[in-house]
Each structure stands twice: as C-alpha cells, then as structure tokens.
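Residue numbers start from 1 in every chain, and the chains themselves are labelled A, B, ... in the order their sequence lines are given, proteins ahead of strands. Quick note: numbers below take in every heavy atom, side chains included, and nothing from hydrogens, waters or symmetry partners.
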Protein chains: 2
Amino acid sequence: MTDAPAARRGIPGATVARLPVYLRALGALAATGVDTVSSEELAEAAGVRSAKLRKDLSYLGSYGVRGVGYDVVRLREEIARELGLQHDWAVAIVGMGNLGHALAAYSGFATRGFRVAWLVDEDPAIIGRTIAGLTVISFDDLASEPPQGVIGVIATPPTAAQAVADRLVDMGVHSILNFAPCVLNVPDGVEVRKVDLATELQILAFHEQHTREEIDGIADLAPVVEEPKEATS
Amino acid sequence: MTDAPAARRGIPGATVARLPVYLRALGALAATGVDTVSSEELAEAAGVRSAKLRKDLSYLGSYGVRGVGYDVVRLREEIARELGLQHDWAVAIVGMGNLGHALAAYSGFATRGFRVAWLVDEDPAIIGRTIAGLTVISFDDLASEPPQGVIGVIATPPTAAQAVADRLVDMGVHSILNFAPCVLNVPDGVEVRKVDLATELQILAFHEQHTREEIDGIADLAPVVEEPKEATS
DNA sequence: TAGATTGTTAATCGATTAACAATC
DNA sequence: TAGATTGTTAATCGATTAACAATC
C-alpha cells in the first residue's frame, strides 16, 4: 500500500549495536574518497561477515544496488539518520574524578555526534573549576537548566551512582551511560547502558587463564597415565 | 567414572560475561555479613532473572544447597577461580593520553584483581614521566621485560592502535582491551575485547530518538487517515 | 547480455525463560 | 515431615550463517 521503508520499527538490538561500527567504517572510506563499496568490503572493514552486514542493512531499507554495491555517502547518511545523528546530542557528565575528567576531555565524542554540555559534581572543592573549557556545576545548577533530550553519563563512585541516576531521571533524562560498577534501578522507558572496565578485564582473565592451561598442557591438571598401547591396526 | 565438576569446558560466552557481575554482587553481600543467599536474592542484586542465574551457575558445578541457597563466601571463591582471579593479573596500558592517564589512576582495577604494572607511550615528551606512581616507559623498554600473561590495554588514537596491537602480540600478549575506535586484526588465539565510548552513546542516541518519536506522537511521521469502519462483526 | 552483488529465505546455532522434579 | 529452593529439562526466542533467486 505504501512506499515507506519496510521495517522502521523493530530493528533487532544486536543490529542497532553494530550500526555505529558501520558508520565509522563508512566515514573512513568517505575520507579516502571511495564512493562505492560492496558488502564484502564494508564487512571486512567493520570486522563482521558480509551476510550479517547485508542482513543488518536490510532492516533499514534497500539502499544498495545489485551488482554494484552501496553508495558510501548515501549509506552513511541513512545509518546516521537511523541512529538519530542528524543533529548533535548534548551530554551531561556527572562525577569529575579521574574518569569523568578524561571523558570530559575525550575528543572522540565531538567527532561522532556528541557535545559535552555539562560537567556536574557535588564536591564544593570541584564545583566552579574549569575542565576542558567547561565550568563544573552542582546538581542543583543542572536542574535549573532543563536538560532536554540529554544523555547522562555517570562517572561517580558506585556508592553515589543510584542517587545520581534517580536525580537524572527526575530531570527527565531517559538515556544513561553508567561507568560505575553497580546495578542501577530505573523506571521503564529509561535506557541504561553500562561500561564496566574491571569486568572487561575479568572476562579477558578468563580467556587468558584458559589459553594458559592449553599452553601449559592439561596434563598438569589431570595427570594422564598413558595406557600401554596395543599394537593392533 | 569421576566426581570432577561437570562442565569445566564449554561455558557459554554470555555466561562468562556475567560471572564478574555475580562476583561483584557477592562481594557486596559478603561485606555486609550475609553468609547465605538464594538465587532469587542474588539475581535481584545482579540485575538478572533467577532462572538465568541458576543456569549460569550450573555450568560451574553444583555449589548450592536445595532449600537453602548458596554460601556467599564459597560461591564467590568458585566464581573467582573460574575467572582465573586466584591471583592478580598484570596490566600494561599503552597510550598515555587523557584516557590512558585516567585508566592508570583508576582505583577500580586494583580492587578487582588487576595490577597496572606498565605504562607505555611512544612520545619522548611523556616517557620518563611519573603517572599514578609509575614511570612511563617506551615500547622497547616494555619488550625488554618479557611480560608474561599480561593483559594489554590500548588507549592510543585509532591510527596507532593496529601497530600497537601487532607489537603486543609479538611480545606474547594474547588478551587485549581496545579503547581505540577501530577494528583490530589479530591472529587466532588472541582475544580482543573492545570498549568504544562514542559507540555506546550512539546506541543510546538511537533509543533516545525513538523514545522521543513516541512522545511527540507517531502521527507526525506517518499521518494516518482512518478508514470509515464497516459495522460488520 | 554476462558478471556481479544485493536482499531474502531457510536452516542452524546459541541464549533465555518457565516450569518442575529432585532434594536439602 | 513440610517448606523451600536448587539444578535441569524442554520450549521459546533471537541472532547468525549459507545459499541463492532477484536484479542491476
């Protein structure tokens, strides 16, 4: 009945999580002047299988040309649009410790659609200081400017994180990136993604240990006594 | 034939990735003096469903007691052992920009089984400086001390990341945490986990946009003309 | 047209969940 | 024993993959 792109609704979560990777790869291609790319090439650049890439892109609509490939600029725009990156998003970082400080100065945000707009801390010794060109404000100051469509970043110690999340939610924030190693409880409709640095290392430790066991030989763990082998066959 | 715990091999990846979360929750419980916990309570603390928790734990063996629950200290030890956290792991951080600097000073590593042992940069202006109590060394310096069973952390700009990964792999590192927004190519047997901060925000932007569309009303996007409804059935 | 590559189908694989028998 | 809770089964769900018909 309609020409509208097929599945606007219901893009699988796993696909959404990969769109930024494709976007980045397309940006790199565009920078080098490439204007058409096949699913095979783009998949290679993004570190995925081409079948997966094509399936992912098919959820956005039909932006490729059979026998030719994808127009780099066009596809990049479509993905950016799907992710809501036609305009920049404002970000509020709460917690100006080591990590918050580094995030405030991180250049990778600005180049990929985000503008760090507020730095927040509760420590009077830190409020008022200038970090990365911004003045650190208190939570009350933040609440006084209504942060519309802001993404909140929590970089406080875990003990403070839930209270911070509660205040952000009260202000109308419904997207939160949490660096504090703890579980946050938020109402329905609020999206929390978490980045836990120590957890990432612990997952690597698991693999490191198991690689190590293979190298050292499993014999150490469960000494194998070789049966005298029959000379048959 | 044997009493040995069932599935030592073949713990699903999704389960491994959750074990650190359980470990953290158990640590918090132990700190408050709780000595027994049910799957329902622990799941609540870890932010998962109890059925998932029990299934995850069943891969490690049978450490619960029916009708009672899990011994907090015991379970914590078993998970730590499974993850390879009986001893600390040494970490080498490469790239002493904002992020590398913050990671070097991050207190969350030490408390969860990791010791930042080397800070590496290639900039002569940075080599020799002291950061978080450690002297920044060059790559050649790092290569001279053979880093056994080290976990490598890459916090360089994306342009340098592949070369850094290659050098780490040459030194025998086979577990890498990559903060540079780029795809790393490594040989089989080397495990790379990646943390891309801007990607996390872009995923949130997707949800933020779609939440916003719902609030603003979908009518704006695809004006619906109501068909005069037949009064049948 | 012939060659190339997309978009989609169908099969497979892995992860989640509910339910409950086993058992403390 | 009666009540509680684990460990496991079986069903469901979602994601990945290979293969290929559609089509530029």
Peer 1: Is the phosphate of C:dT5 approached by A:Ser38 (side-chain N or O, under 4.0 Å from OP1 or OP2)?
Peer 2: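 A:Ser38 to C:dT5 OP1/OP2: no side-chain N or O under 4.0 Å.
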Peer 1: Are the side chain of B:Glu191 and the backbone N or O of A:Leu204 linked by a donor-acceptor pair below 3.5 Å?
Peer 2: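 Here the side-chain-to-backbone pair does not exist.
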Peer 1: Which whole-number value in Å describes the distance from B:Glu41 CD to D:dT5 C1'?
Peer 2: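 Those two atoms, CD and C1', are 11 Å apart.
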Peer 1: Within the pair A:Tyr59 and D:dA15, is there a side-chain N or O less than 4.0 Å away from OP1 or OP2?
Peer 2: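 No, because none of the side-chain N or O atoms of A:Tyr59 sits under 4.0 Å from OP1 or OP2 of D:dA15.
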Peer 1: Report the nucleotide, chosen from D:dA15, C:dA15, D:dT8, that has the shortest atom-to-atom distance to any side-chain atom of B:Ser58.
Peer 2: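 It is D:dT8.
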Peer 1: Figure out the CD/P separation between A:Glu40 and D:dT17, and round it to whole Å.
Peer 2: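 It is 13 Å, rounded to the nearest whole Å.
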Peer 1: How many Å lie between OH on B:Tyr22 and P on D:dT6, as a whole number?
Peer 2: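 Distance check: B:Tyr22 OH to D:dT6 P gives 13 Å.
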Peer 1: Output yes when at least one side-chain N/O atom of B:Ser39 is less than 4.0 Å from OP1 or OP2 of D:dT6, else no.
Peer 2: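 Answer is yes, contact under 4.0 Å.
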Peer 1: Could you tell me whether the side chain of A:Gln202 and the main chain of B:Leu83 form a donor-acceptor pair under 3.5 Å?
Peer 2: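 Absent.
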Peer 1: Can you tell whether the side chains of B:Asp88 and B:Arg115 come within less than 4.0 Å, N to carboxylate O?
Peer 2: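 Salt bridge: no.
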Peer 1: Whole Å only: how far is the OH atom of B:Tyr63 from the C1' atom of D:dT5?
Peer 2: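 Taking OH of B:Tyr63 and C1' of D:dT5, I get 19 Å after rounding.
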Peer 1: Would you say B:Arg66 places a side-chain N or O within less than 4.0 Å of OP1 or OP2 belonging to D:dT8?
Peer 2: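 No, outside the criterion.
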Peer 1: Give the rounded distance in Å between these two atoms: CG of A:Asp56 and C1' of D:dG14.
Peer 2: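 Answer to the nearest Å: 13 Å.
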Peer 1: Do the side-chain N or O atoms of B:Arg54 get closer than 4.0 angstrom to the phosphate oxygens (OP1, OP2) of D:dT8?
Peer 2: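 Answer is no, no contact under 4.0 Å.
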Peer 1: Atom CZ of A:Arg49 to atom P of C:dT8: distance rounded to whole Å?
Peer 2: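 My rounded result for the distance is 21 Å.
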Peer 1: Taking A:Ile203's backbone N and O only, do any of them form a donor-acceptor pair with B:Arg193's side chain (distance below 3.5 Å, no angle check)?
Peer 2: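 Pair absent, no side-chain N/O of B:Arg193 close to backbone of A:Ile203.
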Peer 1: Taking CZ from A:Arg18 and P from D:dG14, how many angstroms apart are they, rounded to a whole number?
Peer 2: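 It is 15 Å, rounded to the nearest whole Å.
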Peer 1: Output the rounded distance in Å from NZ (A:Lys52) to C1' (D:dG14).
Peer 2: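 After rounding, the gap between these two atoms is 13 Å.
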Peer 1: For D:dT12, what is the paired nucleotide under Watson-Crick or G-U wobble rules, both distances under 3.5 Å?
Peer 2: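 Paired with C:dA15.
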Peer 1: Does A:Lys55 or A:Gly67 map to a spot on DNA chain D nearer the 5' end, using the closest nucleotide for each?
Peer 2: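 Counting from the 5' end, the first nearest nucleotide belongs to A:Lys55.
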Peer 1: Searching all strands shown, indicate the nucleotide that pairs with D:dA21 (Watson-Crick or G-U wobble; both distances under 3.5 Å).
Peer 2: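 Answer to the pairing question: C:dT6, which forms a Watson-Crick or G-U pair with D:dA21.
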Peer 1: What's B:Ala51 touching, base or sugar-phosphate or nothing? Going by heavy atoms closer than 4.0 Å.
Peer 2: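 Counting heavy atoms under 4.0 Å across all strands, the contact made by B:Ala51 includes a base.
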Peer 1: May I ask you to decide whether A:Glu78 forms a salt bridge with A:Arg81, counting only side-chain N to carboxylate O separations under 4.0 Å?
Peer 2: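 A:Arg81 and A:Glu78: salt-bridged.
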